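Notes follow once the structure below has been shown.
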Amino acid sequence: MNYFNKLRDDIAAVVAAVGLPGAAFAVEPARDPAHGDVATNVAMILSKVAGRPPKELADLMISGLKAIDGVASADVAGPGFINFRLSSGFWLAQLQQILKSGLDYGRCDLGQGAKVNIEYVSANPTGPLHVGHARGSVFGDVLANLMESVGYHVVREYYINDAGAQVDALARSLHWRYREALGEALGDLPSGLYPGDYLRDAARELIANAGSRWLAVPEDDWLPPLRLYAIDAMMTLIRNDLLELGVGQSVFSSEHALVARGGVDEALAYLAEHGLIYQGVLEPPKGKKPEDWEPREQTLFRATQFGDDVDRPLRKSDGTWTYFAGDVAYHFDKIRRGFAVLIDVWGADHSGYIKRMQAAVKAMSEGRVPLDIKICQLVNLLDQGQPLKMSKRAGRFVTLRDVVDAVGKDVVRFMMVTRRNDVPLDFDLAKVREQSKDNPVFYVQYAHARCCSVLRNAQEAFPNVPFEPAALGAAPLTRLGDPGELRLIRALAGWPRTVEGAAQAHEPHRLAFYLFELASEFHAHWHRGNDDPGLRFIIAGDPDLTAARLGLVHAVRFVIAGGLRIFGVEAATEMH
RNA sequence: GCGCCCGUAGCUCAGUUGGAUAGAGCACCAGACUACGAAUCUGGGGGUCGGGAGUUCGAAUCUCUCCGGGCGCGCCA
């Protein structure tokens, strides 16, 4: 389906036929349409290994290249590029392919069913998700959709950090609110506990379920059960927030459960067997020595053997595991579950942990399982250009739910992947409600709605002509030939390559840019019809031409809707 | 002090994994509606790709080094 791949195979066959060695060369869209449709650097790449000038090699191959199916012309240009122009028959065949594939155009089997684990969100279960979580949630979810669409078997996962001091604080916070709700006058909430009304709600539910049975017992007795109760309540909250956003992991892995079943011991035993754990003393960080620094002997992982800067501690001085030890065990578990690729989606504040985690995975998988860690930078929440103030300390922050309720899930989802994950993103509540080109969600959906609109109108104009995509595949598509129409077809035919590239790079934002550009091409072509009515899609009295052009409209609609489906965004059929 | 990320038009950002003359949008200027939906479109000006050096046929992209911004830096997760 990705015609660049097909052409590369054809070109490679010509290379072999003239007796040149194989090489990794590129087949790409020509940068300038004046150059042609497709360009390859094969002659320049081969010139290095063959020790002959690119031009000479190109001349050697040119007659073979011109004979490739679908190639209308091939020319040598510039420093040794070979530019191809593809035949109109070739482009019409692409269009037919789109009409045949429908919403599935662009799907492929690149991944060949390989198992990929994508872990995302993994927010601590201490409260509802805030707007900062939206980016990682959507990024992970869209990346998962994208990987599935190119043939990977994807498992979407959430790691619940339910084993540390934070969930103890959560349990104490719940107990405080519980006592409060049962009538005790407690005054201000002690520092270190979680404010926020959601725990008042949880306390009231607790009373409904358990009455006052946790009131008069010592902390050692109420803490473990209330911790479980609180984590469960918070995870319910979080899951519901995620569902509101259209995000749904299928696997929720509990750190507590992992530790309880000996996962940490197993992972560390594996590392110990391979001689990667030792007792040692770390140097203080240079130039920033903490005031309370004391040399301390710790259990360390030899991360430096796998590219990290220092060896990393696995055990705290009180004998319990560090967070890193738990994460090592968790990734060991993922490796043992047989994933070929691991992807973690983290917030920017965790970027300091990338190297050590990758070192651990490299060590535990003997270099076989790549771990790609995608860092999501901050989202600057604005309203009409003004930053929205939030105070997490006071428990007042803009929740994910607030934002989804305000602008809708489709808008949040699309906007979160309109930037590369590793650059900060401005999210302006006023702007995304605008119906203008400033608002990319609107602009893309508007293009789709226009497609739907013209299809409705056409059916009214020709009540007896079948305009379904299946019928249009056989329509006289050769009636298409206007340069604007061919531009659109070329743009459409580039979709599979865009999907493949985005999937290989784990960069879903590329799809957003593609869709914006495709929408732009479509709007532009639309307006050519304003200036020249002969270019409109619906031509009264010419059902054949209308049918051919509606084939193009259907194709645009399919690609936009298929792209939006990867984003998990509805393709609107009308704008209001 | 060290590590990672970022630095591209006045602003917000792309740049197809090293390719040809670096591209969009916003803003600014000049135009296009008795409409297949003008919520849009057409044209114009605007650049030392943070600076410098290197690698090669060729660098925004790779290496080194400075400058600037963000995040992080042994018992927080």
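In what follows, every chain begins at residue 1, and chains take the letters A, B, ... in the order their sequences are listed. Owing to the predicted nature of the structure, the values given are computational and were not obtained by experimental measurement.
- Within the structure, every side-chain polar atom (N or O) of Asn530(A) is placed at least 4.0 Å from both OP1 and OP2 of U40(B).
- Judged by distance alone with a 3.5 Å cut-off, no donor-acceptor contact links the side chain of Arg419(A) to the base of U12(B).
- Not a single donor-acceptor pair, N or O on each side, falls under 3.5 Å between the base of G3(B) and the side chain of Asp309(A).
- Applying the 3.5 Å distance criterion, the base of G74(B) shares a donor-acceptor pair with the side chain of Arg296(A).
- Nucleotide G10(B) forms a Watson-Crick or G-U wobble pair with C26(B), both donor-acceptor distances falling under 3.5 Å.
- For Arg356(A) and Tyr353(A), the positive end sits near the middle of the six-membered ring, less than 6.0 Å away and at most 45° from its axis.
- Here the two rings, on Phe324(A) and His331(A), have centers that are 6.0 Å apart or farther.
- The phosphate of C2(B) (OP1 or OP2) has no side-chain N or O of Lys355(A) nearer than 4.0 angstrom.
- Across all strands, Gly164(A) comes closer than 4.0 Å only to sugar-phosphate atoms, never to a base (heavy-atom distances).
- When heavy atoms are screened at a 4.0 angstrom cut-off, Arg315(A) is found touching no nucleic acid atom at all.
- A donor N or O paired with an acceptor N or O is found under 3.5 Å between the base of A77(B) and the side-chain atoms of Tyr353(A).
- For a distance-only test at 3.5 Å, the side chain of His527(A) qualifies as a donor-acceptor partner of the base of U40(B).
- Within 4.0 Å (heavy atoms only), Ala505(A) reaches at least one base atom of the nucleic acid.
- Contact between the side-chain N/O atoms of Trp321(A) and the OP1/OP2 oxygens of A77(B) is not found at any separation under 4.0 Å.
- Not a single donor-acceptor contact under 3.5 angstrom links the side-chain atoms of Asp168(A) to the base of A77(B).
- Among the atoms of the strands shown, base atoms are found under 4.0 Å from some heavy atom of Arg31(A).
- At the heavy-atom level, Ala77(A) lies under 4.0 Å from base atoms of the strands shown.
- A cation-pi arrangement, defined by a distance under 6.0 Å to the six-membered ring centre and an angle within 45 degrees of its axis, is present between Arg497(A) and Phe4(A).
- Residue contacts shown for Val454(A) include a base, since a base heavy atom lies under 4.0 Å away.
- For G72(B), the base has no donor-acceptor partner in the side chain of Ser351(A) [N/O atoms by modelled type, under 3.5 angstrom].
- For His554(A) and Phe467(A), the gap between ring centers reaches or exceeds 6.0 Å.
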